[in-house]
Structure formats: C-alpha cells, structure tokens
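Please read the structure below before turning to the comments.
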Amino acid sequence: MGFNNFCSALAYFLVGLILIAFGTCEGGFTSNYVRRNDLSLDMPLDSDVFRAPPGYNAPQQVHLTQGDHEGRAVIVSWITPDEPGSNAVIYWAANSKLKKSVHGIVLTYKYYNYTSGYIHHCTIKNLEYDTKYYYVVRSGNTKRQFWFTTPSKPNPNTPYTFGLIGDLGQTYDSNRTLTHYEMNPVKGQTLLFVGDLSYADNYPFHDNTRWDTWGRFIERNAGYQPWIWTAGNHELDFVPDIGETKPFKPYTHRFFVPYQASGSTSPLWYSIKRASAYIIVMSSYSAYGKYTPQYKWLISELPKVNRTETPWLIVLMHSPMYSSYVHHFMEGETMRVMYESWFVEYKVDVVFAGHVHAYERSERVSNIAYNIVNGLCSPVKDHSAPVYITIGDGGNQEGLATEMTQPQPSYSAYREASFGHGTFDIKNRTHAYFSWHRNQDGFSVEADSLWFHNRYWKSMEEQSVAVS
Ligand SMILES: [Fe+2]
C-alpha cells in the first residue's frame, strides 16, 4: 500500500470510528465537554455579594417583577431588617422631572426560630410603555436608587430578549452564572426564572438567613429588570416536624407575582403578556389533576392567548416533561400526560424547565397519540409541538446531574451537564433565536443555539400556501 493509499485508509478508518461513536445513539448530540465534577460550595456569609447596603435599616434585597397582565405595572419588593421604615417608592420617568410616589404593604413571617425582616411589596401602576424609569426606596435618611425599563405595549413585531436561569442557589458557580448573564452581549431585558431559588432548605431547619443572602445576591440584577418567578421544590419549605406546615411560606412572602390579573387563584400559577410574548407559569408542586384549580385555570387560559397580539407562547415550569438524565427521570411524566396535548393543540413555542441540574434541548416531539389499544406510546416528531428546554444549570450546591440515560433518546437533540444560562431573543413575530451559554466559555460564546420559527405563524403560512 502506497503512502497516499495508507493515508486514505486511515482517514476512512477514523471516519468510521466517529460514525460508530455517534451512530450508536438514537438521538441527537451528547456533548463530551469535560468539566469539574466536584460539588459547588455556597459562598460564605461574609462574601461581598451578600453584603448589606450601608446605613441603619437600609433597604436591601430589592427586586422587581411584572405587576399586571399587560406590562404597565411593576412590583418593587425590598426588605428593611430592623424596622418597617417607609412603605413608599418614589419614581419618575427618565425624560421627566415629575416625581410620583406610591405606597405598598409591609409584612413579616416566622419560620421555626427565624423571624424575617420587614418585607415590602409596592406595585407601581399605569406606567408608560417602553420607558425608562428611576425609582428610590428609602428608610430614614438612607435612600437607594435603581431603574427599570418598561416593555412596549403587547405587539406582535416587537423584538424582546428574555434571559433564562434555573436552580441558581448561591455558590461560586451561581455567581459565575449570574455574571455571565449580565456580561452576555445579548442583553436580557427580563429574566425568566424556572424555579429553585436560594436552596436555603438545604441548611438545618431551612435556615432562612440564606433566603436573605440570596435576596442580596440577586439584587444587582433583579433590582433593575423583572425576574418572572416559577416555584420549584426548593420553595416548598414544608417541614411538619418543626411545625412548618404551610407550603411555600418563605417564597410566597418574599416574591409577589401578579396572579390575580390573569384570573388565577394562586401565586404559583399565572400568566403575563410582555411585549411580543405570552408567558404561562405552571406549578409542578401544586395539584394539577383534573378539576384542580390549576387545571381549571389552564384550560380557560390557553384559549385566551391572542397570537396576533403576542405571537410567542412560552410556558415555564420547574420539573421538565422531557428529560433524558438519570436524576429526576420521568418526574414530570404525570404533568406531561395531563397537559402535553394542550401544548400541542395551542401551538406552544417553547417550554422551559429546570430541576435537572444540566442543559438539554429536545426535538419538536409529542407523545399524545396513545389510546388504550393502539400501542402508540413513544414520542414522535410533531411540528405543532413545543421545543422542551431544561435549563436547571444555574450552579447550586447540589452539583451537576452528569449521569444520562443511554442511548440518547430520539427526542433529545442536545444535552450537556455544564452550568450556564440561556437567552431567548425574539426578533419579530416569526423568528426568535435561542442560545445557551456555558460558564466556562467567554461571555459571547454560544454552546448551543436554535432558530425558532413561531408555531402559530408558521402554520398560518402553511395554510395560506395550501389555499393559494
Ligand atoms: Fe428542583
């Protein structure tokens, strides 16, 4: 064999090896990215990211979320540690000198041997769309100033960029994730948080001082852009042994959401419109079977979504419906059985979940054809189905879920156990660009990405082509 022939044979052999390596998978791509596998440690209490602002009783843990259904209101929340202080938020548009003031409510709660500070929630209503506002919270002589920008009026062609973080916790890796989100050149305007916030419940008696450190940690971002909340299992804080029998007590006291504006009876499931998106938040840890309040709300909610006003239909939940990791495998299965067919019927564009501490993106599949005799109980390609994205890789102290089911199932398009965050960048009513960023890379590097073609408008185009 001549040298050239030998080189060709070697090349074919290597290509063959590669094909065998990938060909044994039924599904998509499993990243072979090499990562540290030691557990992440929570940052110590005296870390700079947890530092309380200076001044007696200074407002801390300032965070924002949307305050109505349409995007013209903001809920400002903060905590004063020593006494109630002022309930008021002073705010003004950046292009105006006219300052306004609105008063909110203050509450406290006890959890075992912990007593919270004074938790303030203040809703600023009737804001102008697409406007930058400054706001001030104060206690005595201590004032703290922040800002936010309202979205445009719900409109089908408004570009808008959402960030995505889940299962964040408060470790050094959590800090890297938040920093990468902040430094990403694709600037997120609102963060969609898919549950499991502080991981305070991993401390003895669910030490709620770790809820406070988490509130101070996220303030640097959540004080300036809304974080849209989804509850996860680490928000349950249900411990009858120590007398804590009210599920979600710390979470629901600290994080208000505008649930009544969407006709919900619980802050654990609700919806908002924001620019060109309609966002439905579900609760994996509340009853969702037939006739439950969540079921009844969702069945009346989905037909209300007007895709000519808000083309992008996004669902958030904590436990994923499709995940091929070993940890938490099929925990979302009962919710999938209940609701997947609705998501296909109403052409949901994307379902974001957390819970599994890794990243995974699905193909557009559905598994809804089964009846008691037909045996059709495997996921199949379905162009009306959403893409399911697991983004529970915020970086909490429990570490990564590295063990994956083998072979990679056909519904799984890409999976990788690395910490990171995502962005969902809506360009117009038909196109959006999703990208996932792992923490080990530079701020602008995309480890995985996908162009989204809007499900509703895509089917409209197909119908018009068929008719013409
Ligand atoms: Fe979880």
Side-chain angles (χ1 to χ4, degrees), residues 39-42 163-171 173-174 177-178 191-203 206-208 210-211 214-215 217-218 227-239 244 247-252 254-255 257 266-269 280-288 294 315-336 338-339 351-362 388-405 415-422 436 439:
L39 281 184
S40 319
L41 293 175
D42 272 2
L164 286 142
I165 292 180
D167 304 67
L168 183 59
Q170 46 193 299
T171 71
D173 284 314
S174 320
T177 301
L178 188 53
L191 186 83
L192 306 179
F193 193 95
V194 291
D196 282 2
L197 284 62
S198 73
Y199 288 73
D201 58 346
N202 280 347
Y203 285 83
H206 295 212
D207 182 358
N208 275 218
R210 281 288 177 172
W211 273 109
W214 197 78
F217 164 49
I218 64 158
W227 285 35
I228 307 304
W229 300 111
T230 312
N233 51 304
H234 286 278
E235 280 66 73
L236 274 160
D237 287 309
F238 175 71
V239 193
E244 291 303 337
F248 302 105
K249 189 204 274 184
Y251 171 71
T252 52
R254 289 168 182 270
F255 300 95
V257 297
S266 165
L268 301 171
W269 58 88
I280 291 179
V281 177
M282 304 295 299
S283 175
S284 300
Y285 304 96
S286 305
Y288 49 78
Q294 184 167 204
V315 173
L316 311 180
M317 60 178 62
H318 186 61
S319 186
M321 289 184 173
Y322 283 93
S323 166
S324 69
Y325 288 82
V326 170
H327 204 53
H328 300 310
F329 187 60
M330 295 191 80
E331 283 185 17
E333 184 65 2
T334 47
M335 192 179 253
R336 184 191 69 74
M338 287 302 301
Y339 295 142
V351 178
F352 291 108
H355 200 39
V356 177
H357 299 162
Y359 169 72
E360 185 165 23
R361 172 171 59 80
S362 81
Y388 296 87
I389 291 178
T390 301
I391 190 129
D393 56 345
N396 65 72
Q397 57 170 233
E398 294 175 351
L400 286 163
T402 53
E403 203 179 343
M404 304 173 189
T405 59
R415 55 185 186 175
E416 178 178 324
S418 292
F419 293 131
H421 76 278
W436 174 66
N439 288 355

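Counting starts at 1 for both ligands and their atoms, following the listed order.
- Judged as a side-chain hydrogen bond (donor to acceptor under 3.5 Å, both in side chains), and not counting sequence neighbours, E235 has no contacts.
- If you check the side chains of E331 and H355, you find a donor sitting under 3.5 Å from an acceptor.
- Ring geometry for W227 versus W229: interplanar angle of 30 to 60°, hence tilted.
- Excluding waters, the set of protein N/O/S atoms under 2.8 Å from the Fe ion (ligand 1) reads D196 OD2, N233 OD1, H318 NE2, H355 ND1.
- With L168 as reference, I218 is the one residue of I218, L197, N396 to meet the side chain to side chain contact (heavy atoms under 4.5 Å, CB included) rule.
- Taking Q294 as the reference, nothing meets the side-chain hydrogen bond (donor to acceptor under 3.5 Å, both in side chains) condition, with sequence neighbours excluded.
- Residues passing the salt bridge (charged side-chain N to carboxylate O under 4.0 Å, His left out) test with E333, sequence neighbours excluded: R336.
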